[in-house]
Amino acid sequence: MRSLDDMLSASPWARELPDAERERIKASIVVRKVPARAYVCMKGEPVEHWIGVIDGLVKITCNGLCGKTTTFTGVASGGWLGEGSLLKKERRRYDVIALRDSRIAFMSRAAFQSLLDNNLAFNHFLLRHLNERLGQFIGMMEHERLLDIEARLARGLLSMFNPVLHPGIGRQLQISQEELGFLAGVSRQRVNRALRALAEAGLVRVEYGSVTVLDLEGLRNYGQ
DNA sequence: TCATTAAACGCGT
DNA sequence: ACGCGTTTAATGA
C-alpha cells in the first residue's frame with residue numbers, strides 16, 4: 001500500500017462513505033513515518049487516535065517486569081488497531097512498535113467517534129474486526145495448550161496473513177525469525193527449526209529476513 | 001536423559 | 001547494523 005487513499009480504499013467502511021464524508025474523515029487523519037524499532041505509541045499514554053498501518057509492519061507488545069517481552073500480535077499493511085482502548089476510554093495498555101520502516105495513519109478520536117455514532121457500515125466493520133481478533137486470541141490459547149511448536153508457528157504466521165485484519169498484505173512477509181519467535185512465544189532457534197519443517201512441507205519459502213506463504217490452506221491445516 | 005533455552009560468536013547480507 | 005546458523009552451558013521435564 002502506498003498512500004492513505006489506498007488504505008481507505010482497502011477499508012470496507014471507508015469505501016462506502018459519501019465523498020464529502022470521506023474527505024472529512026481523511027482530513028482528520030495525520031500520516032507519520034515511523035522508522036524500524038521506533039514506537040508508534042506507548043503503554044500508559046492517553047489514547048487520542050485510532051491507528052492504521054498504511055505500509056510496513058508493527059507489533060503490539062508488552063514488557064514484563066523481569067525483562068521479558070512478548071508480542072500479542074503483529075499488524076501488517078492495511079490493518080487498524082487501538083479501537084479497544086478508544087472504545088473503553090482508557091490509557092493505552094500496550095506498546096506498539098514498528099518492526100520495519102512504516103507509514104502510520106492516526107485518526108482523531110473525534111472522527112472515530114462520529115463514525116461510530118453515525119455509520120452503520122463502520123459499526124459492521126468494527127464488529128467483524130473485533131470478532132476476528134477475538135477468534136485469534138481464543139485460538140492462541142487453544143494452540144498454546146494443544147499444538148506442537150511447528151503448528152503454533154504455522155498459526156502465528158496465519159494470523160499475519162488474515163485478509164480481514166490486514167487487507168494489504170501480500171504473500172511475502174518481511175519479518176525476522178527473532179520477531180516470529182516473540183509472536184509465537186518460542187525461541188529463535190526453535191523458530192528456525194520450525195520454519196525449516198514448514199518449508200520442507202512445501203507451505204512456506206524462507207529467505208533472508210522474510211517468509212513467503214506458498215499454501216495458506218495447508219498452513220491452516222498443519223498439525224490438524 | 002532429552003529437549004529447550006539464552007547468550008555468545010562468527011559469518012554473510 | 002542486522003539477520004542467521006551454530007555452539008555452549010544451564011535448566012527442567
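Each chain gets a letter, A, B and so on, in the order its sequence line appears, and its residues count up from 1. All heavy atoms count here, side chains included; hydrogens, waters and symmetry mates do not.
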Using nucleotides 11-13 of chain B, report all nitrogen or oxygen pairs with the protein that are shorter than 3.5 Å.
unit_1, atom_1, unit_2, atom_2, d
B/dG12, N2, A/Y208, OH, 2.6

**OP:** If you link ILVMFWY side chains whenever their heavy atoms are less than 4.5 Å apart, which other residues fall into the same cluster as A/L120? By chain and number, please.
**Re:** none
**OP:** Compute the angle between the rotation axes at the two ends of the helix from B/dT1-C/dA13 to B/dT13-C/dA1, each taken over five pairs, rounded to 10 degrees.
**Re:** 10°
Original post:
Looking across every strand, which nucleic acid part, if any, lies under 4.0 Å from A/R100 by heavy atom: base, sugar-phosphate, or nothing?
Top reply: nothing
Subject >> Side-chain donor-acceptor pair present, A/R152, A/H143, cut-off under 3.5 Å >> reply: no
Subject >> Atom pair CG (A/L116) and CG (A/L87), whose distance is rounded to the nearest 0.5 Å >> reply: 6.0 Å
Write out a two-atom table: protein N or O, nucleotide N or O from nucleotides 6-8 of chain C, distance below 3.5 Å.
none

Quiz: residues 33-53 of chain A side-chain donor-acceptor pairs under 3.5 angstrom, not counting sequence neighbours:
unit_1, atom_1, unit_2, atom_2, d
A/E45, OE1, A/M42, N, 3.1
A/W50, NE1, A/E83, OE1, 3.0

Original post:
Will you find, in the side chains of A/S210 and A/Q172, an N or O donor that is under 3.5 Å from an N or O acceptor?
Top reply: yes
Original post:
Do A/F112 and A/F122 have their ring centres less than 6.0 Å from each other?
Top reply: yes
Subject >> Atom pair distance, as rounded to whole Å: CZ in A/R190 and C1' in C/dT11 >> reply: 17 Å
**OP:** Compute whether any side-chain donor of one residue and acceptor of the other, for A/R24 and A/S114, lie under 3.5 angstrom apart.
**Re:** yes
**OP:** Using a strict cut-off of less than 4.0 Å between a Lys/Arg side-chain nitrogen and an Asp/Glu carboxylate oxygen, indicate whether A/D95 and A/K59 qualify as a salt bridge.
**Re:** no
Original post:
OG of A/S102 to CG of A/L57: how many Å apart, nearest 0.5 Å?
Top reply: 6.5 Å
**OP:** May I ask you to verify if any side-chain N or O of A/R37 is less than 4.0 angstrom from the OP1 or OP2 atom of C/dC2?
**Re:** yes
**OP:** Applying side chain to side chain donor-acceptor pair (under 3.5 Å), run through A/R103 and A/S3 and close with a yes or a no.
**Re:** CA-CA 9 Å; A/R103 216 136 22 95; A/S3 67; over 6 Å; no
**OP:** Can you measure from CZ (A/F125) to CG (A/N119) and round to the nearest 0.5 angstrom?
**Re:** 11.5 Å
**OP:** Starting at NE2 of A/H166, measure out to OG1 of A/T73 and round the result to the nearest 0.5 Å.
**Re:** 5.5 Å
Original post:
Got a second to check how far A/D215's CG is from A/N221's CG, nearest 0.5 Å?
Top reply: 8.5 Å
**OP:** Could you identify which residues of residues 169-184 of chain A place a heavy atom less than 4.0 Å from some atom of DNA chain B, listed by residue number, or say none?
**Re:** none
